[in-house]
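Below: the structure, in structure tokens.
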Amino acid sequence: MPELPEVETIKRDLEKAVLGKKITEVCVHNPKVIREPAVAGFKRGLQGARIKNILRRAKLLILELSNGKSLTIHLKMTGQLVYPGGAKNSRVAFHLSGGKILDFNDQRLFAELRLLDDWHSLKFIQRLGPEPAELDLAQFKVMLSKKKTAIKPLLLDQTFISGIGNLYAAEILFQAKINPLRRANELTNKEKELLFLAINDILKAAILHAGSSVDDYVRVSGGKGGYVKYHKVYDRQGKPCLVCKTMIKRISQGGRGTYFCPKCQR
DNA sequence: AATGGGACCTGCGCGC
DNA sequence: TGCGCGCAGGTCCCAT
């Protein structure tokens, strides 16, 4: 479930842990997670390269290498990067200069690793909407007014705005006091502003606390993110709203769980 | 254009 | 106790 705050945390952790190190050997324990090129080419392209730069776009991690290629990692739901690693159940083990191992773990094998000549040309990258931190209020208002869809699934649409997932969509809408079923173009001017503020506030706070350790998310050190204790609605169905004590409701939108307070969010 | 569903996976929690 | 089932969600893909 890593979303923008979790992936940003991992990016910052990686910068401290492995930036500048050389990849001396790559052991692929499960080739399923390597999407391109084939395993042999993947290993050949990585071995001997140095990790020159680490970036994040939406929920995608990008490791730019000294040989001009880039390793992109999408953790999807259960992907983890752990350093120093060496776990038996890792899917890919990156041996680094200094003798330690960067483990890529992924229980459910949804994650996607790619070694690319140019990550900018990745279709996923080209279709991404703006990063929340680069979003401008006036522009955001226009974007919302063009969409008739329900606001909650719209926040999950990476081509609309990038980086928000199911957990933070719920927390953002709670802070903005907006019902997840509301149509984007029918939000009032004031609500659009509140939403804009909530996106920035919630994501910033979550990054400050190193993300939310629900399910499998851990930091590169193996430690947990501390934002779970600030969750107001996510996974709290049946429990009292922390503001008004009304029972938090869970509904399904687009096949995904939506959590909200029916009284606070109108 | 918008919406819904299935696919990809596996561990967990639930009901019986 | 044990089994089988549904569920969790990021993204893509297809159908309507």
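No experiment lies behind these values; they were computed from the predicted model shown.
- Of the listed nucleotides (dC12(C), dG10(C), dT3(B)), dG10(C) has the atom at the smallest distance from the side chain of Lys59(A).
- Going from the P atom of dG5(B) to that of dG6(C) covers 16 Å, rounded to whole Å.
- The side chain of Gln107(A) lies closest to dG11(B), out of dC13(C), dA7(B), dG11(B).
- For Glu3(A), whose side chain is taken as the heavy atoms from C-beta onward, the closest listed nucleotide among dT11(C), dA8(C), dG10(C) is dG10(C).
- Within the structure, side-chain hydrogen bond (donor to acceptor under 3.5 Å, both in side chains) pairs that include any residue of residues 128-145 of chain A comprise Arg56(A)-Glu131(A), Lys141(A)-Asn189(A), Lys141(A)-Glu193(A) (at least two apart or interchain).
- The distance between atom CG of Leu156(A) and atom C1' of dT3(B), rounded to the nearest whole Å, is 14 Å.
- In this structure the side chain of Leu81(A) never reaches within 4.5 angstrom of the side chain of Val18(A), judged on heavy atoms.
- A residue-by-residue look at Gln253(A) and Arg256(A) shows that Gln253(A) has its nearest nucleotide of DNA chain B further toward the 5' end.
- Taking atom CZ of Arg250(A) as the reference point, atom P of dG6(C) lies 15 Å away to the nearest angstrom.
- Checked against dA2(B), dT11(C), dT10(B), the side chain of Leu109(A) finds its nearest nucleotide in dT10(B).
- Stacking of the aromatic ring of Phe110(A) onto the base of dC8(B) is found: the ring centres lie under 5.5 Å apart and the planes are inclined by under 30°.
- Of the candidate nucleotides dG10(C), dA2(B), dC12(C), dC12(C) has the atom nearest to the side chain of Arg127(A).
- Checking Lys152(A) against Asn179(A) by side-chain atom types alone, no donor-acceptor pair falls below 3.5 Å.
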- Message: Let's test your reading of the pairing rules: Watson-Crick or G-U wobble, both distances under 3.5 Å, then write DNA chain C as a dot-bracket string with ( ), [ ], | and dots.
- Response: .|||||||.|||||||
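- Side-chain polar atoms of Tyr217(A) and Glu3(A) form no donor-acceptor pair below 3.5 angstrom.
- Taking atom CD of Gln80(A) as the reference point, atom P of dT10(B) lies 15 Å away to the nearest angstrom.
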